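Since the structure comes first, as structure tokens, the remarks are kept for the end.
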Amino acid sequence: MYMEKGVYPYFREIDSHQDTEVMMDGKKVLMFGSNSYMGLTYDQRIINAAIEATRKYGTGCAGSRLLNGTLDIHVQLEKELAEFIGKDEALCFSTGFTVNEGVIPQLVGRGDYIICDDRDHASIVDGRRLTFATQLKYKHNDMEALEKELQKCEPDAIKLIVVDSVFSMEGDLANLPEIIRLKKKYNATVYVDEAHGVGVFGRNGRGVCDHFGLTDEVDIIMGTFSKSLASIGGFVAADKDIINWLRHNARSYIFQASSTPAATAAAIEALHILKTEPERQERLWDITNYALKRFRECGFEIGDTESPIIPLYVRDTDKTFLVTKMAFDEGVFINPVIPPACAPQDTLVRFALMATHTKEQIDYAIDKLLKCFKELEIIK
Ligand SMILES: Cc1ncc(COP(=O)(O)O)c(C=O)c1O
């Protein structure tokens, strides 16, 4: 139906390099849909690192980490990530998705409990579905609801709470201080997905756990390379015993080919840039605060976001597709978010910032979006 109406918004092809401006079908478009928060996907140093690694090691690893697929740069990246995140050890996987899918089922079993926020990412949902534990959910960021679920659990059983640190569509943060208080009260274990936290929050982009000073209290931290780290892949970081268990049991680690030399070297270089160029993170926050203020002043409904992910609520699926198309025609790329990525009454378009966006680009996009939102009477 949306295809017939000409507003189908998916699989739009980019045929240029990727930065704040991309080329699509011969047309220049401002990119506000990317998760490249640090704006590093076209950084020449990272490109060179990927090329050099390809020259040295080849294009693939043709095996899993357990067998023939471990390169010295995989181990180097794991060591650097463990140190960066602040845990004993880390393991790298070929995607962030398969971290959640492979790790979560290895942490709980029959007789245990897994407790998730109802807005957790799809990869957490899939990981949860693969466990034999009792599966519990609580209303998004509702700490009373979380406590009620914890009260339902057998006191001596393992209780694993799994949350996104930054919710990927809404841009708000998990209430980690309160989650940690409940963890201690009910003797639970906490797993935090920092996919959208790394790069953006914490010292030099160490993430939301670091931002709250709670890295030691959070038991397991995962992240991905596909956002701030300008590559593809993912990691989990925790204490030695947990990592050793996962190294020998996580199925997507053992039975999945390891990440390419290029992707691995790119993530290493991006991590070095994060550590040595804090001005990128500062710049991201400067333009994020600017955009948040401007969206609010213009009358957009932007929810509880506290990050460079800015949801512009539409609350109507047809209008969400329509406004995505109208913005695109005006040269502004944004992502539509409809169920199951959100509740039916919460449809939105997701506007995301990169450290490399200029205020002029943001102003242009906001003006065009305001025009489209008014035309569709989303903003009166
Ligand atoms: C919160 C969250 N976790 C995990 C993932 C999966 O990561 P990747 O796409 O890098 O495999 C994503 C990706 O969108 C995500 O947003």
Side-chain angles (χ1 to χ4, degrees), residues 10-11 18 33-38 40-41 77 81 85 90-105 107 114 116-130 137 140-141 160-174 176 179 190-202 205 207-209 211 218 220-237 250-253 256-260 262-264 266-267 270-271 305-311 335-338 340-342 348 350-354:
Y10 303 122
F11 308 108
Q18 301 166 75
S34 172
N35 296 312
S36 174
Y37 304 115
M38 290 294 109
L40 286 171
T41 39
L77 178 55
L81 277 168
I85 293 296
L91 288 186
C92 291
F93 290 57
S94 305
T95 68
F97 199 102
T98 55
V99 174
N100 285 332
E101 199 188 51
V103 169
I104 292 169
L107 298 173
I114 174 164
C116 294
D117 183 295
D118 70 5
R119 302 294 336 132
D120 277 352
H121 189 259
S123 53
I124 296 176
V125 174
D126 283 9
R128 168 170 66 77
R129 286 179 179 153
L130 288 172
K137 258 194 306 189
H140 179 48
N141 247 344
L160 180 69
I161 303 168
V162 187
V163 286
D164 291 15
S165 66
V166 183
F167 287 88
S168 54
M169 298 298 141
E170 296 83 357
D172 54 343
L173 304 190
L176 280 187
I179 290 172
V190 173
Y191 179 114
V192 175
D193 176 331
E194 288 270 31
H196 301 271
V198 167
V200 181
F201 287 90
V208 177
C209 299
H211 166 79
V218 172
I220 299 122
I221 297 176
M222 72 76 69
T224 86
F225 308 151
S226 64
K227 302 174 196 319
S228 288
L229 293 176
S231 183
I232 180 139
F235 70 88
V236 59
R251 292 167 67 79
S252 54
Y253 188 72
Q256 181 171 229
S258 57
S259 114
T260 63
T264 309
L271 188 60
T305 179
E306 297 177 68
S307 72
I309 301 169
I310 307 181
N335 285 313
V337 180
I338 60 157
C342 66
L348 57 96
R350 179 184 186 273
F351 183 94
L353 289 158
M354 302 182 228

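All heavy atoms count here, side chains included; hydrogens, waters and symmetry mates do not. Note that the coordinates shown come from a computational prediction; the quantities given were computed from them, not determined experimentally. Both counts, for ligands and for their atoms, begin at 1 and track the order of listing.
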Phe93 versus Ser259, closest heavy-atom pair with distance: O-CB, 4.4 Å
For the student: nearest non-hydrogen atoms of Tyr37 and Leu353, plus distance: CD2-O, 3.5 Å
4.0 Å heavy-atom contact, Ser123 with ligand 1: yes
Asp117 and His140: side chain donor to acceptor below 3.5 Å: yes
Atom pair OG/CD1 of Ser165 and Ile179 - distance to nearest 0.5 Å: 10.0 Å
Point-to-point distance, once rounded to the nearest 0.5 Å, from CE of Met169 to NE2 of His196: 6.5 Å
Considering heavy atoms of the protein only, find what lies nearest to [atom] and give residue, atom and distance to 0.1 Å.
{"atom": "atom 16 (O) of ligand 1", "value": "His196 NE2, 2.6 Å"}
{"atom": "atom 5 (C) of ligand 1", "value": "His121 CE1, 3.5 Å"}
{"atom": "atom 14 (O) of ligand 1", "value": "Lys227 NZ, 3.0 Å"}
{"atom": "atom 7 (O) of ligand 1", "value": "Thr224 CG2, 3.3 Å"}
{"atom": "atom 6 (C) of ligand 1", "value": "Phe97 N, 3.4 Å"}

side-chain hydrogen bond (donor to acceptor under 3.5 Å, both in side chains), paired with Arg350, selected from Asn35, Asn335, Thr305: Asn35
Distance-only N or O hit between ligand 1 and Asp193, under 3.5 Å: yes
N or O pair under 3.5 Å between Gly96 and ligand 1: yes
Those residues that, when tested against Ser36, pass side chain to side chain contact (heavy atoms under 4.5 Å, CB included) (two or more places apart): Ser34, Thr41, Met354
Taking only heavy atoms of [X] into account, list the atoms of ligand 1 that are under 4.0 Å away from them.
{"X": "Asp164", "answer": "1 (C)"}
{"X": "Ser226", "answer": "8 (P), 9 (O), 10 (O)"}
{"X": "Ala195", "answer": "1 (C), 2 (C), 3 (N), 15 (C)"}

Residues in side-chain hydrogen bond (donor to acceptor under 3.5 Å, both in side chains) contact with Glu101, at least two apart in sequence or another chain: none
